[in-house]
> 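Okay, handing you the structure first.
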Amino acid sequence: MASYPNEDHLYEMKNKTQSDRRKFILNMARGVGITALGGFIWSAYVDEVTASQLTLRPPGAINEVDFLKTCIKCGLCVEACPYDTLLLAKPGDNKPLGTPYFIPRDIPCYMCPDIPCVPVCPTGALDEQSVTTDGKLDINIADMGLAVIDRETCIAFWGIQCDACYRACPILGHAITVEYNKNERTGKHAYLTPLVHADACTGCGLCEKACVTEKASIFVLPREVAMGEAGSYYIKGWDKADEKRLEDASEIKTTTEISKETAMDSLNSDSEDLY
Amino acid sequence: MNTIWNKYRYLLFRRTTQIGLLFLYFGANAWGWTILMGNLSSSVLFNIVPLSDPYAVLQMIIAGAALATDVLIGALIITMFYLVVGGRAFCSWVCPINLVTDAAAMLRRKIGVDNFAKRQPASRNIRYWVLGLSLLISFAMGVAAFEFISPISMVHRGVIFGFGFGWAAMFIIFLFDLLVLKNGWCGHVCPLGGFYSLVGKNSLVRVHHSEENCTLCMKCKVVCPEQQVLYMIGKESIPVLSAECTNCARCIEVCDDDALGFSIRKLVNDKKRESNNENND
């Protein structure tokens, strides 16, 4: 009997384990609370910095969402660029931190034929395949963005002769062409206005660099920002390849109250059943 | 002269590797050197060998990135290296933030902050929570979460590619370590340190304590950034088995009694001792 602890002792031990348990639960709750708070702020911040869509990426960059996942921010592409075009986003640049980008108005992409920035990428965020034709690197199929013209400020649209962007374009005559139109205001002059062709433009930004207006009137935007989307239900009937899409088109059938009758009956019923 | 060498040799080596690595990376960008290109997130050694941060790669995989083989091989090489030398050797021999936090810790000792701030109000396990959280956010947001806020890569990139506001991250960590929490960033918060602590669990290079020589002066504990790993000082002749030890070797240098030194861990014996120790606790 003597080996048993007395009742007081037992009570004390029970108290101690109880307070230990409370302490443990409190500590866990505190940890979870702080983690939740930190996690909230952290993910809000990450969401914010990755939301920017106006970032121009190096040639061969995969689509922005995957790019942000895949880029390890090592700067090897930046180091490989011989023109110092590529920059690595610093705190304060308002770009996803540490990722490569370029500002064409400062230094555009000069479209090196050997594309030194792409093969050095260790993660595949810059995809060599996307800038390769017939097993050879081909900068002309790169897609860094798309040049967009502001017709209000481009002086060629005022009737002043300027073909700076046309001349600067490395895919001269394909990515930018010049359109001739009569200048009705003077009646005897021509408008020589630039026109960007989205299928040929690589978004290198040499046009933006060359633009003579105070703030560039032709500028490069990421393609997803610059372009709309027609959607799958419009088909170019005159385009054989596009019309092919019809072959595997599927029907969407909606059934309502009036679908019981044929369309013809429904139309001939004076639409009574519609009211 | 000899004593100065004995007191500071590892510190000198560490600063040389830290600053030397920074210099090589800087030279790659500034002057086109090809010895070590890139930065600590991912680099190329001599234009051939890929080296990558395994923690960053882990986050990217969890975020759902389809990665090329180069970066995976690089992460594997780095992991193998730190499996042997002790994961947190990265912290004290490579990481640029170590320069900042060591400076803060030194100033803290010099002006005696510890004399009136004795209590450490935070747990050293925070880093594992942050580590878990980073993986969770990486999964949920689909991007490598820590890489977007990491002051380590911010500062490292800053040195190589230009700082921007990156100096602010450095300054904040300095103040945090100096005034808020002793060894706050590296010893409590940093998830990369937590990650490498886990990597280095069974590493071979360890600091060994011989109790017979110890005079209990406790200089080692004063200088150690992860004091809890030195629990055996003056008690038992065993190696420092906690993977939170950064192998910085400052304890070896400050010891006047030759009671601490590097040794290769004998895996079988030490494993047994470790588990015995846990049982005793």
Side-chain angles (χ1 to χ4, degrees), chain A residues 27-28 30-32 34-51 62 64-82 84 86-100 119-129, chain B residues 25 28-30 32 37-44 47 50-53 56-57 59-60 63-74 123 125-126 129-130 132-134 136-138 140-150 153-154 157-158 160-169:
Chain A
N27 275 339
M28 284 314 273
R30 196 185 272 157
V32 169
I34 292 174
T35 310
L37 179 68
F40 175 69
I41 296 170
W42 191 347
S43 36
Y45 172 78
V46 168
D47 195 36
E48 194 62 29
V49 291
T50 54
I62 56 180
E64 182 70 10
V65 173
D66 289 333
F67 185 82
L68 288 173
K69 273 192 219 303
T70 315
C71 172
I72 199 168
K73 309 170 180 65
C74 65
L76 283 170
C77 53
V78 175
E79 287 177 4
C81 178
D84 292 337
L86 294 176
L87 304 165
L88 215 52
K90 303 186 288 282
D93 285 348
N94 288 325
K95 300 271 189 302
L97 202 59
T99 55
V120 292
C121 179
T123 63
L126 304 179
D127 177 18
E128 216 174 314
Q129 278 311 308
Chain B
Y25 280 121
N29 188 43
M37 298 164 80
N39 62 31
L40 288 179
S41 299
S42 190
S43 33
V44 184
N47 253 333
L51 303 168
S52 306
D53 173 2
V57 170
Q59 289 173 74
M60 288 159 72
L67 295 174
T69 37
D70 269 16
V71 79
L72 298 176
I73 294 171
S123 155
N125 290 334
I126 293 174
W129 287 81
V130 178
L133 192 61
S134 73
L136 204 69
I137 296 177
S138 296
M141 308 292 289
V143 289
F146 184 62
E147 300 312 299
F148 277 102
I149 60 165
S150 164
S153 27
M154 223 181 279
R157 276 198 304 267
I160 305 166
F161 300 100
F163 260 103
F165 281 119
W167 60 267

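Sequence lines set the chain letters: A, B, ... in the order given, protein chains first and strands last, and positions in each chain run from 1.
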> Using a cut-off of under 4.5 Å for heavy-atom pairs, which of B:Ala145, B:Ala56, B:Ala144, B:Pro50 has the most such pairs with chain A?
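Going by pairs under 4.5 Å, I would pick B:Ala145.
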> Please determine whether the number of non-hydrogen atoms from other residues, nucleotides or ligands lying under 6.0 Å from atom CZ of A:Phe40 exceeds 12.
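No - once you tally the heavy atoms of other residues, nucleotides and ligands closer than 6.0 Å, there are 12 at most.
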> Looking only at heavy atoms, what is the nearest atom pair of A:Val32 and B:Trp129, with distance?
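Where A:Val32 meets B:Trp129 most closely, the heavy atoms are N-CZ3, 4.1 Å.
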> Please classify the contact between B:Ile137 and chain A as side chain, backbone, both or neither, with a heavy-atom cut-off of under 4.5 Å.
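The answer is the side chain of B:Ile137.
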> For a 4.5 angstrom cut-off between non-hydrogen side-chain atoms, does A:Trp42 reach B:Val130?
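SC-SC contact between A:Trp42 and B:Val130 confirmed.
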> Restricting to non-hydrogen atoms, name the atom on B:Tyr25 and the atom on A:Glu79 that form the minimum distance, rounded to 0.1 Å.
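Looking at all heavy atoms of both residues, the shortest contact is O-OE2, 4.2 Å.
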> Is B:Ser42 close to A:Pro122 at the side-chain level, that is, under 4.5 Å between some pair of heavy atoms?
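Result yes, sub-4.5 Å side-chain heavy-atom pair found.
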> Please examine the side chains of B:Ser153 and A:Lys73, heavy atoms only from C-beta on, and report whether any two atoms are closer than 4.5 Å.
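No, every pair of side-chain atoms sits at 4.5 Å or beyond.
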> Go through the steps to decide whether B:Met141 and A:Asp47 satisfy the test side chain to side chain contact (heavy atoms under 4.5 Å, CB included), and finish with yes or no.
CA-CA 7 Å; B:Met141 308 292 289; A:Asp47 195 36; 3.5 Å; yes
> Among the options B:Val71, B:Asn125, B:Asp70, pick out the one with the most heavy-atom pairs lying under 4.5 Å from chain A.
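Looking at each option in turn, the highest pair count goes to B:Val71.
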> Heavy-atom distance under 4.5 Å to chain A: side chain of B:Met154, backbone, both or neither?
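Side chain only.
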> Find the distance between CG (B:Asp53) and SG (A:Cys74) and round it off to the nearest 0.5 Å.
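Rounded to the nearest 0.5 Å, the CG-SG separation comes out at 11.5 Å.
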> When you compare the side chain of A:Val120 with that of B:Val44, does any pair of heavy atoms fall below 4.5 Å?
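Heavy-atom side-chain distance check fails, nothing below 4.5 Å.
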> Is it the backbone or the side chain of A:Cys71 that comes under 4.5 Å from a heavy atom of chain B, or both, or neither?
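Backbone only.
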> For B:Phe146, which atoms come within 4.5 Å of any heavy atom of chain A: side chain, backbone, both, or neither?
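Backbone plus side chain of B:Phe146, per the 4.5 Å heavy-atom cut-off to chain A.
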> Decide yes or no for A:Leu76 and B:Met37: does some side-chain heavy atom of the first lie under 4.5 Å from some side-chain heavy atom of the second?
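Yes, close enough: below the 4.5 Å cut-off.
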> How close do B:Arg157 and A:Leu88 get, counting heavy atoms only, and between which atoms?
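Looking at all heavy atoms of both residues, the closest pair is CD-CD2, 3.5 Å.
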> Determine the option with the most heavy-atom pairs under 4.5 angstrom with chain B, choosing from A:Ser43, A:Ala89, A:Gly38, A:Pro96.
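That would be A:Ser43.
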> Under 4.5 Å from any heavy atom of chain B, what part of A:Ile72 do you find: side chain, backbone, both or neither?
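Both parts, heavy atoms under 4.5 Å.
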> Please state whether the side chain, the backbone, both or neither of B:Ala169 comes within less than 4.5 Å of a heavy atom of chain A.
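Neither part.
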> Please classify the contact of B:Ile160 with chain A as side chain, backbone, both or neither, using a heavy-atom distance under 4.5 Å.
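Only the side chain of B:Ile160 comes within 4.5 Å of chain A.
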